[in-house]
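This report refers to the structure that appears directly beneath it.
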Amino acid sequence: MASAAPEDWSERSRLLSALLARAALGDREAFARLYDRSSPHLLGVILRINRDRAQAEDLLQEVYVSVWRAAGTFDAAQSQPLTWLTSIARNRAIDSLRRKQTEPQTRPAPLNDDEERDVYDDVADPAPGPVALLGEASDARALTHCLDQLSGPQRQSVALAFYDGLTHAEVAAQMRQPLGTVKSWVRRALQALKSCLDSAVVRDTRAGES
């Protein structure tokens, strides 16, 4: 899905974009503000994948070192700022698990507001969650198949929530739908994706053993 044009971004997205631009010029104060505004969300993303809190906090610091170095590469025409930041955090967390040859785990973690917490915690359990499974999916056809099983509104709401990093309220505003409706779409979409991707993992494992 194409990113919304900057003029249609939420106030938070515009602020993060401005802070990234200033950080790219070496503005440490802007970078500190960027950290304060986005680190709770990124820590939540990492904790969805790596359950070890101490490791997650170390990874968060690595993420921001990468952000400081790469801030100038952020392209507002390609993605919203929180989408870009979330991608760095998710990839760093997944890479850490791959290095240790472990599987990603889900865990509820405190975030700044109820909207973001609800997106992640409604389907949390001890098994790999939908975000981890999306990141770990090795078969693009399986992922495409699972996404195709969702309704159009479900696909759009999940894309905005997880790939553009929007809260439920922001997704509702973007889609011009009631907040309760969007919450229902996201919750049901995540449950369906998790079930579908779990089944794909089981099939791949059995195929590899045969």
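Just the heavy atoms: all of them, side chains too, but no hydrogens, waters or symmetry mates, feed the values below.
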With no hydrogens and no angle check, is any side-chain donor or acceptor of [X] less than 3.5 Å from a backbone partner on [Y]?
| X | Y | value |
| --- | --- | --- |
| S157 | P153 | yes |
| D27 | A23 | no |
| R22 | F31 | no |

In Å and rounded to the nearest 0.5 Å, what is the [atom1] to [atom2] distance from [X] to [Y]?
| X | Y | atom1 | atom2 | answer |
| --- | --- | --- | --- | --- |
| L16 | F74 | CG | CZ | 8.5 Å |
| L82 | S17 | CG | OG | 12.0 Å |
| L59 | L47 | CG | CG | 9.5 Å |
| L15 | L34 | CG | CG | 8.5 Å |
| R187 | Q154 | CZ | CD | 11.0 Å |
| I46 | R90 | CD1 | CZ | 11.5 Å |

Point to revise | Inter- and intrachain pairs under side-chain hydrogen bond (donor to acceptor under 3.5 Å, both in side chains), touching residues 65-74, at least two apart | key: S66-R92
Taking the side chain as everything from C-beta on, heavy atoms only, tell me whether [X] gets closer than 4.5 Å to [Y].
| X | Y | answer |
| --- | --- | --- |
| L60 | S39 | yes |
| V67 | W84 | yes |
| Q177 | W185 | yes |

Review point. So, are E29 and R33 salt-bridged, with charged N and O less than 4.0 Å apart?
Key: no
Review point. Between A89 and V63, which heavy-atom pair has the shortest distance, and what is it?
Key: CA-CG2, 3.7 Å
Review point. Taking it one step at a time, do M175 and T181 satisfy side chain to side chain contact (heavy atoms under 4.5 Å, CB included)?
Key: CA-CA 10 Å; M175 298 181 68; T181 298; over 6 Å; no
Practice item. Mind running side chain to side chain contact (heavy atoms under 4.5 Å, CB included) on V171 and L179 for me, showing each step along the way? Key: CA-CA 8 Å; V171 173; L179 179 58; over 6 Å; no
